Amino acid sequence: MWLSEVMLQQTTVAAVQSYFTRFTSRWPTVADLAAADDGEVMAAWAGLGYYARARNLLACAREVARRGAFPQTEAALRELPGLGAYTAAAVAAIAFGARAVVVDANVERVVARLFAIGEPLPGARKAIRAAADAITPDSGAGDFAQAMMDLGATVCTARQARCLICPLAHLCRARASGAPEAYPVKAARAARPERAGRAFWIAREGPDGGREVWLVRRPGRGMLGGMRALPDDGWSARGDGSGAAPLALDWQALGQVRHGFTHFQLALAVCGATIGAGNPAGEGEWWPMDRIGEAGLPTLFARAALLGTTLVTPRNEASGENNGRECA
DNA sequence: CATCCGTGGAC
DNA sequence: TGTCCAAGGAT
């Protein structure tokens with residue numbers, strides 16, 4: 001319940017399913033998860049996004065293991081890492097039968113429509129919560145919450161209100177207004193700025209003769225924090241792609257990956273080179289290319305790695321018109 | 001309260 | 001194709 005709620009934060013059921021199965025079979029209990037290796041958990045989360053959730057999941061599992069059990073009140077749950085207002089209320093109501101006001105994006109939308117709350121988000125949150133509180137029953141709050149979320153997920157969706165099959169249509173003021181999809185009102189969002197950066201595919205022939213690539217681990221906070229990655233020029237902090245390469249090599253342009261994040265669009269140039277002996281500066285590890293899929297790279301770097309595998313020989317034949325330009 | 005944090009699917 | 005969207009949380 002706790003694991004599924006965390007995975008489902010801002011993430012669709014379809015995206016979560018296989019991850020949920022994998023996590024529960026590999027770490028069946030909270031104690032198993034608490035004892036897990038950080039890197040293995042982060043790798044298992046790779047591709048699901050919002051990686052702070054995985055870091056908080058581990059911290060939460062360890063806190064719960066230390067206590068011996070989950071706390072059972074909403075307020076105490078709220079203190080656990082990764083459990084905010086929504087998740088604490090959902091777990092308290094659904095798992096522990098408490099009366100809690102559960103407000104996720106579905107409930108927010110359904111309530112805004114039921115009461116035709118015209119104030120734009122996020123300012124309307126207070127009024128929406130008050131309205132949700134007013135209609136939450138004293139017993140069965142968990143079932144009520146799930147019913148509201150199901151209604152929002154399957155009937156009263158963002159793009160289509162489907163009032164003809166809605167059991168609450170006769171109560172709904174937004175429907176009475178004739179334009180239910182106009183609710184909730186949202187403030188206009190700013191355009192996503194464009195950022196550029198470079199990532200570096202450093203290859204070598206490993207001790208066993210197989211090809212290997214140099215991978216690093218990103219810092220524990222910030223963009224893709226705690227995840228294994230290709231070395232890069234610091235685009236996540238600088239954003240201008242003008243940072244230096246990790247070392248001087250005969251870099252070749254392998255292509256570009258465009259990737260949309262929540263608040264900016266990234267154009268990542270992928271530069272490749274082979275290294276004869278020694279290691280690049282800094283912390284990292286040589287990873288066998290034929291097992292790159294098991295490295296637990298977040299999607300951005302998994303896509304960059306796809307380009308990296310096109311770097312075949314120490315020096316591609318001269319045809320490459322990009323040689324030595326983008327990646328010099 | 002605003003900003004930061006991923007990703008893939010729907011339209 | 002670009003835009004919007006999803007069972008939010010931390011700072």
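Throughout, protein chains are lettered first and strands after them, A, B, ... in sequence-line order, and every chain is numbered starting at 1. The model shown is predicted, which means the values in this text are computed figures rather than measured ones.
- Among the protein residues, Ser4(A) comes within range of no part of the nucleic acid, since none of its heavy atoms lies under 4.0 Å from any strand.
- Whole-Å rounding puts the Leu297(A) CG to dT7(B) P distance at 11 Å.
- Between atom CZ of residue Arg109(A) and atom CG of residue Leu121(A) there is a gap of 11.0 Å, rounded to the nearest 0.5 Å.
- Leu266(A) has its CG atom 15 Å from the P atom of dC4(B), to the nearest Å.
- Within 4.0 Å (heavy atoms only), Ala90(A) reaches no atom of the nucleic acid at all.
- Of the residues listed (Glu294(A), Glu283(A), Glu40(A), Glu285(A)), the one engaging Arg228(A) in a salt bridge (Lys or Arg N to Asp or Glu O under 4.0 Å) is Glu285(A), and it is the only one.
- Sequence order on DNA chain C of the closest nucleotides to Arg189(A) and Leu83(A) puts Arg189(A) first from the 5' end.
- With a 4.5 Å cut-off on side-chain heavy atoms, Arg113(A) and Glu181(A) count as touching.
- Judged by closest nucleotide on DNA chain C, Thr12(A) is the one of Thr12(A) and Ala85(A) placed further toward the 5' end.
- For Trp2(A) and Phe70(A), the distance between ring centers is under 6.0 angstrom.
- Every pair passing salt bridge (charged side-chain N to carboxylate O under 4.0 Å, His left out) that includes a residue from residues 255-271 of chain A is listed here, sequence neighbours excluded: Glu194(A)-Arg258(A).
- If you take CH2 of Trp45(A) and P of dG8(B), they are 14 Å apart, rounded to a whole angstrom.
- Taking the P atom of each, dA7(C) and dT3(B) are spaced 23 Å apart, rounded to whole Å.
- We find that CZ of Phe301(A) is positioned 15 Å from C1' of dT7(B), with the value rounded to whole Å.
- Side-chain atoms of Thr24(A) come within 3.5 Å of backbone atoms of Thr21(A) as a donor-acceptor pair (strictly under, hydrogens ignored).
- Contact between the side-chain N/O atoms of His263(A) and the OP1/OP2 oxygens of dT3(B) is not found at any separation under 4.0 Å.
- The separation between Gln265(A) atom CD and dG6(B) atom C1' is 12 Å, rounded to whole Å.
- For dC4(B), neither phosphate oxygen OP1 nor OP2 lies less than 4.0 angstrom from any side-chain nitrogen or oxygen of Tyr50(A).
- Proximity of His259(A) to the phosphate of dG6(B): no side-chain N or O atom is located under 4.0 Å from OP1 or OP2.
- Seen from the ring of Trp201(A), Arg211(A) does not count as a face-on cation partner, given the 6.0 Å and 45° thresholds.
- Across all strands shown, Ala158(A) has heavy atoms under 4.0 Å from sugar-phosphate atoms exclusively, and none from any base.
- Contacts between residues 105-121 of chain A and DNA chain C, defined by a heavy-atom separation under 4.0 Å, are made by Ala105(A), Asn106(A), Arg109(A).
- Between Phe261(A) and His259(A), the ring centre distance stays below 6.0 Å.
- Protein chain A contacts DNA chain C from dC4(C) to dT11(C), reading 5' to 3' and using non-hydrogen atoms of the protein with a distance under 4.0 Å.
- A ring-centre distance under 6.0 Å is found for Phe23(A) and Trp45(A).
- Mapping Arg159(A) and Gly225(A) onto DNA chain B by nearest heavy atom places Gly225(A) at the nucleotide closer to the 5' end.
- As a whole-Å value, the separation of Arg192(A) CZ from dC5(B) C1' is 13 Å.
- Per the geometry, OH belonging to Tyr19(A) stands 10 Å off C1' belonging to dG6(B), to the nearest Å.
- Salt-bridge annotation for Arg217(A) and Asp38(A): absent, with no side-chain N of the basic residue lying under 4.0 Å from a carboxylate O of the acidic one.
- dC5(C) sits 13 Å from dG6(B) when the C1' atoms are compared, rounded to a whole Å.
- Protein atom CE of Met7(A) is 16 Å distant from nucleotide atom P of dG6(B), rounded to whole Å.
- For the pair Ala14(A) and Leu224(A), nearest-nucleotide mapping onto DNA chain B gives the more 5' position to Leu224(A).
- Residue-to-nucleotide contacts include a donor-acceptor pair under 3.5 Å from the side chain of Thr262(A) to the base of dG6(B).
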Let me see the working for Thr136(A) and Asp133(A) under side-chain hydrogen bond (donor to acceptor under 3.5 Å, both in side chains), right down to the final yes or no. CA-CA 5 Å; Thr136(A) 297; Asp133(A) 195 349; 5.3 Å; no
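- Note on Arg303(A): nothing from the nucleic acid sits closer than 4.0 angstrom, heavy atoms only.
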